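The next block holds one structure in the form of structure tokens; read it before the comments.
Sequential numbering from 1 along the given sequence is applied to the chain's residues. Quick caveat, the model's predicted, so the values are computed rather than measured.
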Amino acid sequence: GSKDRLSNSTRVLGRRLSGMRGVSRCEVYPEEIHGFFNMHWRPGYQGLRQDIFDFFSAHDTEARSQTDTPHAEVTA
């Protein structure tokens with residue numbers, strides 16, 4: 001978040017990763033503090049969680065293949 005004292009380091013790393021192979025995304029959430037992804041009461045929490053889910057859904061082929069394949073029904 002923008003209130004995190006490490007947010008500048010996040011931006012530097014984001015620029016470095018964007019210049020490399022692969023897919024990356026760097027987002028600094030306005031007014032959020034360090035570690036807010038573990039604080040469900042913070043305003044940016046839901047947006048961050050959704051962004052993480054969307055990123056992995058779009059770019060994690062193994063996870064996508066597991067969710068695209070029907071699973072066998074388990075009966076007791």
Side-chain angles (χ1 to χ4, degrees):
S2 64
K3 299 263 182 177
D4 182 350
R5 293 186 300 172
L6 300 175
S7 65
N8 191 47
S9 297
T10 299
R11 290 181 183 97
V12 169
L13 178 60
R15 285 192 297 272
R16 290 289 303 258
L17 290 174
S18 70
M20 303 173 94
R21 291 178 127 188
V23 179
S24 67
R25 180 173 172 214
C26 179
E27 185 78 32
V28 176
Y29 295 83
E31 303 300 311
E32 286 301 350
I33 59 175
H34 185 78
F36 77 95
F37 57 86
N38 284 320
M39 302 172 191
H40 62 87
W41 61 90
R42 296 292 304 178
Y45 174 85
Q46 288 297 333
L48 170 63
R49 301 291 283 214
Q50 187 63 52
D51 288 348
I52 292 169
F53 177 78
D54 292 345
F55 183 87
F56 283 129
S57 293
H59 302 292
D60 184 350
T61 55
E62 183 177 334
R64 202 167 46 241
S65 69
Q66 290 175 7
T67 58
D68 291 343
T69 306
H71 296 283
E73 187 174 316
V74 177
T75 58

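To the nearest 0.5 Å, atoms OG (Ser18) and CG (Leu13) are separated by 9.5 Å. Put simply, CZ on Arg11 and CG on Leu6 are 11.5 Å apart, with the number rounded to the nearest 0.5 Å. Interatomic distance, CG of Asp4 versus CD of Glu31, reported as 12.5 Å (0.5 Å rounding). To the nearest 0.5 angstrom, Arg49 atom CZ is 11.5 Å from Asp51 atom CG.
Under a hydrophobic-cluster definition in which Ile, Leu, Val, Met, Phe, Trp and Tyr are linked whenever side-chain heavy atoms come within less than 4.5 Å, directly or via other members, Phe56 and Tyr29 are assigned to the same cluster. The hydrophobic clustering, which links ILVMFWY residues whose side-chain heavy atoms are closer than 4.5 Å, places Val23 and Leu48 together.
When each of Met39, Lys3, Arg42 is checked for a side chain to side chain contact (heavy atoms under 4.5 Å, CB included) with Glu32, only Arg42 meets the rule.
When all heavy atoms of Ser7 and Gly1 are compared, the closest pair comes out as CB-O, 3.3 Å. Taking every heavy atom of both residues into account, Ser2 and Val28 meet most closely at N-CG1, 3.5 Å.
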